[in-house]
Structure formats: structure tokens, C-alpha cells
Protein chains: 2
Amino acid sequence: MKLNERNQKVLEAVVSGYIRSGEPVGSRTVSKHYGLNVSSATIRNIMADLEDMGLLQQPHTSAGRIPTDKGLRLYLDSILKIRELEKRQQALIRRAFESGRVDVEELLRRTSQVLSRFCRQAGIVLWPRLSATRFKHIEFVRLRAHQILVILITASGLVQHTLVDWDEDIPQDSLDKYSRYLNEALQDIPLSQVKERILKEMEGEKALFDQLFTRALELSQRALQDALENTDVHIEGHKHLLSNPEFADVERMRRILEAFEDKSRIVRLLDRALDPSRQVQIILGTESDISELHEMSVVSSPYGRGGTVLGVLGVIGPIRMDYSRIIPVVTFTASLLSQFLDEPDEAPSARKNDPS
Amino acid sequence: MKLNERNQKVLEAVVSGYIRSGEPVGSRTVSKHYGLNVSSATIRNIMADLEDMGLLQQPHTSAGRIPTDKGLRLYLDSILKIRELEKRQQALIRRAFESGRVDVEELLRRTSQVLSRFCRQAGIVLWPRLSATRFKHIEFVRLRAHQILVILITASGLVQHTLVDWDEDIPQDSLDKYSRYLNEALQDIPLSQVKERILKEMEGEKALFDQLFTRALELSQRALQDALENTDVHIEGHKHLLSNPEFADVERMRRILEAFEDKSRIVRLLDRALDPSRQVQIILGTESDISELHEMSVVSSPYGRGGTVLGVLGVIGPIRMDYSRIIPVVTFTASLLSQFLDEPDEAPSARKNDPS
DNA sequence: AATTAGCACTCCTCATCGAAGAGTGCTAAC
DNA sequence: GTTAGCACTCTTCGATGAGGAGTGCTAATT
């Protein structure tokens, strides 16, 4: 779709007017406040054209225009110029991360808080895909007969645990031996490869080692599977959603909260944004597969560590959001988080636990 | 406050009528549907008396009556007869717990889900106070120079981790030694006593052991402090709140969500209910210290393990809740959870991880 | 003395109506 | 191609008033 410059300007005017006020924008407003030196009648003609193209729509005959999803998409893709977040904002966001030594999980939670606070919408963080992180440590704890708690720690400091039922009762001593063995064998291997590595070890060592070790391998195998399957997502700041006039309708809000409860669908939705080639991904209203979210929009960005994408973070809110503000916040937060994950020594660092 | 039987019946009628409909209850309704064989005029007289006593109130002159907080309190304390939850409901709740082998955390999360689903309000679970549980296992993982991840596991299978900054770089080998030592020394000691036990060890062994061990003790000391301070609370099912007509007002709902975000206050509120002597505790509207929750009410019950109280679970919703239904659900769920914690072998047990 | 029927009164709810205002599309003039 | 002008449409909002629910009081009844 190609628009001449003036039509583009009108579209832009309607979009930004609508985003600001939430009300349909009339021809008079456009001609007066957006510096196109033409009369409202001309604007009316252009608007009618844009409506024919499916970019604008009228809620009712005598109202102004609001953009359609298609119109917004065009605006986002080819009209909106994304600027870097202003330094002052950057500093504020940095500051929000600065307090207390935190582990990765806390860091991620805090990220979703920051997103929701600075965008005044719900913040959303998809946790690192474990397959992209490296093995650090595994530990088996015998909770009681036949019940073993398996704790898996990734290089980034993420702790995952799974309860495993085991048909025979293994004493803690043996469990300790297993974990020592595995910690040796698997050190720093990417979790995605741990599975095959385990299988290989099971092949190779069967003859050599105590049968016990094959058990260790099977145990960790199970725990690993659990860990890889569960991708967690964290949504924070629901309250901000309620401040949007479009969610004054309680029934609508209820549907949205309901949609949030089905984490797996949210995960799938955000998976789309795992593509490292694009920095920001925006899913607009009806572009989402989740029908309850057809009135919402997601702005997301991948984050990672040293080049590899680990997860996705972003913001979810009404279609009418201030993208020009939110996009820079999301990209900046993503780069900040990536940076923290990359070199945690540079990360949030008040020395709560430091003796001094 | 003492009421004669008839006045009590009128109060009961107004309360239950109001709870059912959410509307003020008129004298005619009471005289017709609640089997007191007196005319509406008589009821009107009684109602006027009850209003003088501060038990009922009128939203406006020509409306029926609704109970005041005081009236509700009287109803809950001395009129409402609490019955056991019907078997069918019991079975349904039991079933809701039956799927997949779950660890304690998952069990607790599921509990809040069950509460919210069966009460159609928000379910709330205060996590076990660590001080009441016993030490099982500790593990130190060197994430990078000067950063140690301390993982603490309680006998009930709860996993807590804390990141500790350490001024010197301890190799993983030594860390392993520490943990072996501690796991030996602290096995099965209540966490509340671990601290003093550590201090004692630090005293006694200083001369005997390698200085390293005092470090181990200090490390775990720090981690423990963190673990004991953080009491987590989990709230689920916000969506149900929106179904209550009293929260159709968005602004009100926003305030409530805001209150939920301040976990520490919620924790303090629920701490009241940690008293093991009372099975159910109800905090009605203005009885709560949190002003944002003055329009809400909390029904809670302690849960535990073998007699000691570990935490609190319950339901939070509008003051106008169906207590006669919710109280039995809460007490039953609490006893069920306690039972699961007591003998996890009897717990939810589909054998997802069971080879067969 | 307690209960009840009757009634006037209050206050809320809801539908109706019309005026005001915003914005359009069309036409004719520039 | 642009613009002024105008008739027309549609929403919003306040005023109005009927209808209804429920009360409190009084006087009659048991």
C-alpha cells in the first residue's frame, strides 16, 4: 500500500490524535492542529479516501474517524519514526533496577515491574528458554522413600526443581555420588544438548560403570524433560489496564484476565517474537490468535545473552497505546536486561549482602 | 449484644436475602419468604429497632435494609450455623488436586486455584513460614567469582534460593565440602533453631576446624536470614472479583488490585489468622487495617502439618459473600492441604513420572 | 400491649423528549 | 484541486415525569 505524503500526514494525524484522546478525530481538528495548510473540507475528502482504503473507520455517521487495525499497522510500519529513549527516562529505568543484589528470577520479576510502571500498561516477561542456557549444577535430594527432588541450576543462575517418583528407594549417599558424577560430566554444556549427551553416556558407560550411574542419568533425564517443557511467563501491573477507558467495561476486562490465566497460550503468542532478527514485534488486536485479546495489542522484544536469544519481554495493553513512547521503553529495557544477563557483575549491585 | 429469637430471625433474613441478591431487602420480602408469621408492618418495626442497634442500615429512605458490618459480624458469630461441606463438593475438590505428581509449591499454587474456583472469588495462599519447617539440605553453587547461589531445601520439599556476594572467590570444591558438613550437622533441625545452632557451632569449632568451616556457617547464615524474612503469598482468580456487581466500578477494582500488589501488607493481614486455636477467621471490611480493602472481606484458615501451623489459606471477596458456602470450602481445603503435607505419599498422585 | 391494615410520603429508576453540538457529505464557487 | 457553505445525521446530556418500591405513622383490631 502506497500513500502520497499528504495522505500519510492525515493518517498520522488521525492516529496520533486518537491515541492521545481516545476519541474519534474530526476533519476540523486535523486541519487546525497538524500543520497541513488545507481546509477541513479537503481533509474530509482525504479521509473519505483513506476510509475507502480500509485505513480509517467511522464509529457512526456524524463522528470523526478512528484508525482501523490496518491503518495502525501501516502507521507503525512505515510512518512512525522510532527514536531512542531520552536519557532522562533511561536513567530512571536504570535506577529502578538498582537496589539489592538480585538473582536472575528477581531480575526478571523486576523487569516486568519496570515495564508496567514506565508504560502504564501490563508488563510481560517470558522466562529464558532453558534450552538456550548452559548446565551448571544438578542436585538430588531424597525427600522420603521413593521421592526425589531434583534441582537443576543453569549457568545464568536459574533454579528449576522437579519432584520425581522413583520405584526404588535410593539412599542420599548414592544420590550425592550421582550428582557429583553429573556435575563433572555435564559442566557448561548447553541444556539443549544435555539430553543427547546423557543418552550417549548411557550407551557408553553401561558396561564400565556401576549400574547406579545409569540410574543417575535416567533421573536427570526426567527432571530435564520437565524443565525444558515448562516455559514460565510473568505478567504484572493489571491495575494499569483498568485505567484505560476502553476497559471501563467490566465484562471486557474479565475476558482479558481470563486470557491471562492461560499461560500456555500467552507463551505461544510471545514465541513469535523470539525471532532475533527483529528488535521489536507488535501484535495488533486481531492479528493475535487469542480471540479474547482482539482488543489488545502486544509490544515485545527479545532479550538474550551474548547474542543468543533467551526470552521475550514486552507490554500488553489496549490497541490504543502510545507506541511512540512504549516502543523505545521496551527496546531499551530489553537491551538493559540483556546487558545484565551478559555480565551480572555490572548488574544491579547495592551490596545488601556484602560485609563492609 | 443479645437479640430475642424473632429479631435474630429478621436479621438472618435480611443478611441472607442481601447476600443472595445484592439488593436491599424490604419488609414485605422478609415477611413473605422467611416463614415468620407476622405482617410486614411488624417486620418494619423490628427492622427499625435493628437499625437503632446499628445492625442494619438503609441506603436511602425508601429502600429496604442491608446489614452493617456489625450486623454481619453478629450474624457470622452467633446466628450462622456452619455445616460440613457436602460430600459431593468434597469429592470435586479432591478431584481437582488429582493430577500429576506435584511438589509442594505446585501443590500450594493449585490450592489457591481450587479456592478461587470453588468459591468464585480470589483464592489466597500464604506460603509456609519457613521457621516452622525443618532443615533438609543446603547447597552452594559458585555462579562466578564472588557470587554464590545458596539453595536451601526444607523437609517439606520447599526450595529457597538466595544469591550471595562474597568478598573472596571460593572454589566449588570447598563449597561442596561446606555443604556436606552442614547437611550432616543440621539435618532435620527446625529452621527456627538453625540460626542458633550455627552460632553455637561457630563458637565451638573455631579452634578445631579449618577456618573454612566458619565461612560455610556464615554463608548459610546469610542465606537463611533471607529465607526466613520472605514470606510469599499467592493470590489467584482476580477475574472472579470482577463478576461481583459491587466491583463493576472500575476505580474501586483498581484500588483493590493495587492493594494486592503490596504483598507485605497482605501477609501481615493474614498473619492474624495464624492462630491455631481458631479454625476459621473472618476479617470483615473495616475490620481490616488496609483501607483499600474496606469493601472486601477475607475468610481464612490456618493449615499445617502434624499439628503445627505452617501457613494460612483463604478467600478474598466482597463483603457480600456467600459465607455459608465459602466457610465450609475453606475449612475443608485447609484440612485437605494439611493432610497432603502430612503424608505426601497419600497426596495427589497420578503417576506422571512413574515408570510402569 | 402487641399486631396489623391503610395511607401518605419519599426517593429511586427508567423511559421519553428535545436542545445543543460535533461532524459529515455534497454542491457550487473560486 | 481546493474551499466555503449548508443541510443532514447522530450522539450526548439534562430535564421531566410516571411508576414502583419501601418506609413510617396512625388508627383499628386482636
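Note: hydrogens, waters and symmetry copies are ignored here, and every other heavy atom, side chains too, is used. Bear in mind that the values here come from a model prediction, so they are computed numbers and not experimental data.
For residues 25-34 of chain B, proximity to DNA chain D is found at B:Gly26, B:Ser27, defined as any non-hydrogen atom under 4.0 angstrom from a strand atom. Residues from residues 38-49 of chain B that place a heavy atom under 4.0 Å from any atom of DNA chain D, listed by number: B:Arg44, B:Met47.
With hydrogens and angles left out, the side-chain atoms of A:Thr286 and A:His294 include no donor and acceptor closer than 3.5 Å.
A:Glu51 places its CD atom 10 Å from the P atom of C:dT24, with the value rounded to the nearest Å. Protein atom CG of A:Asn4 is 12 Å distant from nucleotide atom P of D:dG1, rounded to whole Å. Here the C1' atom of nucleotide D:dC8 and the CD atom of A:Gln58 are 13 Å apart, to the nearest Å.
For residues 27-41 of chain A, no pair satisfies salt bridge (Lys or Arg N to Asp or Glu O under 4.0 Å), with sequence neighbours left out. Applying the ring pair (Phe, Tyr, Trp, His ring centres under 6.0 Å) test to every pair with at least one member in residues 248-271 of chain B, sequence neighbours left out, gives these pairs: B:His238-B:Phe260. Residues in residues 36-59 of chain B take part in these salt bridge (Lys or Arg N to Asp or Glu O under 4.0 Å) pairs, two or more places apart or across chains: B:Glu51-B:Arg65.
For the side-chain hydrogen bond (donor to acceptor under 3.5 Å, both in side chains) test, residues two or more places apart in sequence or in another chain that qualify with A:Ser297 are A:Tyr323. With sequence neighbours left out, the salt bridge (Lys or Arg N to Asp or Glu O under 4.0 Å) criterion links A:Glu246 to A:Arg320. Judged as a side-chain hydrogen bond (donor to acceptor under 3.5 Å, both in side chains), and not counting sequence neighbours, B:Thr61 has no contacts. Residues passing the side-chain hydrogen bond (donor to acceptor under 3.5 Å, both in side chains) test with A:Thr331, sequence neighbours excluded: none. B:Arg117 meets the salt bridge (Lys or Arg N to Asp or Glu O under 4.0 Å) test with no other residue; sequence neighbours excluded. Looking at residues two or more places apart in sequence or on another chain, you find no salt bridge (Lys or Arg N to Asp or Glu O under 4.0 Å) involving B:Lys9.
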Reading 5' to 3' through nucleotides 8-20 of chain C, protein heavy-atom contacts under 4.0 Å coded B for base, S for sugar-phosphate only, - for none: --BBS--------
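Note on B:Arg65: every side-chain N or O is 4.0 Å or more away from OP1 and OP2 of D:dA21.
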